[in-house]
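Residue numbers begin at 1 in each chain, while the letters A, B, ... track the order of the sequences.
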Protein chains: 2
Amino acid sequence: MADGEHALHLEQFVPYRINVAAVFASRALARIYGEKFGIGIPEWRVIAQLGEFGRMTSRDIGELSQMHKTKVSRAVSGLDQRGLVARSENRADRRESFVSLTAAGARVYAQIVPLALAFEQRWTEGIAADELRTFERVLAVLTERGRLLAGTYHEEGA
Amino acid sequence: MADGEHALHLEQFVPYRINVAAVFASRALARIYGEKFGIGIPEWRVIAQLGEFGRMTSRDIGELSQMHKTKVSRAVSGLDQRGLVARSENRADRRESFVSLTAAGARVYAQIVPLALAFEQRWTEGIAADELRTFERVLAVLTERGRLLAGTYHEEGA
DNA sequence: TGACATTAGTTTCACTTGCAACTAACCAGC
DNA sequence: GCTGGTTAGTTGCAAGTGAAACTAATGTCA
């Protein structure tokens, strides 16, 4: 460790710290989706997108929710089998199909949303509003720059 | 969506956003460790801890780097086989053993540290120092609270 | 029209992961 | 110095993952 260099302390290393926080958040959320609804995080993301935007293709789901197409494929299949989403052919382009929530899926969505928002609320409770805004702004910058530094691809976490 | 409730927008949902940022950061870092040194994130965390604290047990490595004991076990085994760490018996408690960097491991550590710090630097470049401090402070709060909300365990991410 | 590239989505495969069960060693308390 | 509980670390296993290969459909350009 020569002059002018800084030592590395893992517990202060931002990429590490972000990851630890992300894992805790995922685990806590997975509990909510999982224990009460038997739904994992990829499934949740699909449901969240469909609940927000309605009918969409798997490609768009992956694009918007930052998931690899194989993960979307498997999540959609699982939800389809369980009757929470339905697929309908796009006659204008038969490679893709539209995915949408069924009535049962919409009910699950309606139940999860308040739980998810309550979790977020509880998680960020007591943090000053302006600090939280700063946090989110910095997070957005880091995410965008991270996307560039990570490369081209397209994928996931929770 | 009744009165008084807020809609959920996944792309603004903090747990989701943290995860996306974490994945990008991990991927970018994994590139650095992986492409140049053939080292994965668990291995990197072990090396980072040993480089910082010297000789320690697997238990302590896991504790400090937030990794499940099986992950630590496998990472240490791999590094041992590759000659980057060495294990030495603790005669006072023969269940555990001390792990430490070999000369080769120390060289790898010395090479990775500046790359890791340069990455962090590049990643956070241009963000105002006070905003970054706020970010880190909020991150610490979220991490601690996340730990509680997630449960008791002990584990990982990148 | 036909050849070639591209795209949506699925499947196969190798790898990583965490949990649970296990082994070996230590630590009561009697 | 036993007996039962606890701890450090490893291993078997089932689930989840992404890359790559694949299928089927669409687009492009001559």
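Distance CG (D93(B)) to C1' (dC27(C)): 10 Å, rounded to an integer number of Å. dT17(D) atom P lies 17 Å from atom NZ of K69(A), rounded to whole Å. Atom CZ of R59(A) is separated from atom C1' of dA24(D) by 17 Å (rounded to the nearest Å). For the pair K71(B) NZ and dG12(D) P, the interatomic distance rounds to 20 Å; values are reported in whole Å. The CZ atom of F98(A) sits 16 Å away from the P atom of dA25(D) (whole-angstrom rounding). Atom C1' of nucleotide dC15(C) and atom CD of E43(B) are separated by 12 Å, given to the nearest angstrom. Taking atom CZ on R31(B) and atom P on dA19(D), their separation rounds to 11 Å, with Å as the unit. When the P atom of dT10(C) is taken as reference, atom CZ of R95(A) falls 14 Å away, rounded to whole Å.
The residue among R94(A) and D60(B) whose nearest nucleotide of DNA chain D is located toward the 5' end is D60(B).
A donor-acceptor contact shorter than 3.5 Å is absent between the side chain of S73(A) and the backbone of K69(A). Panel note: side chain R45(B), backbone L10(A); no donor-acceptor pair is recorded below 3.5 Å.
Under a hydrophobic clustering in which Ile, Leu, Val, Met, Phe, Trp and Tyr are joined whenever their side-chain heavy atoms come within less than 4.5 Å, directly or via other members, I127(A) and W123(A) fall into the same cluster.
V14(A) has its side chain within reach of E136(B): a pair of non-hydrogen atoms, C-beta onward, lies under 4.5 Å apart.
Among all heavy-atom pairs drawn from L139(B) and A21(A), the shortest one is CD1-CB, 3.7 Å.
Contact annotation: S73(A) side-chain N/O to dG9(C) OP1/OP2 distance is not under 4.0 Å. OP1 or OP2 of dT12(C) has not a single side-chain nitrogen or oxygen of R74(A) nearer than 4.0 Å. Proximity of H68(B) to the phosphate of dT17(C): no side-chain N or O atom is located under 4.0 Å from OP1 or OP2.
S58(A) comes within 4.0 angstrom of the backbone, heavy atoms only, and of no base.
Listed nucleotides dT6(C), dT17(C), dA20(D) differ in distance to T70(A); the shortest reach to its side chain belongs to dA20(D).
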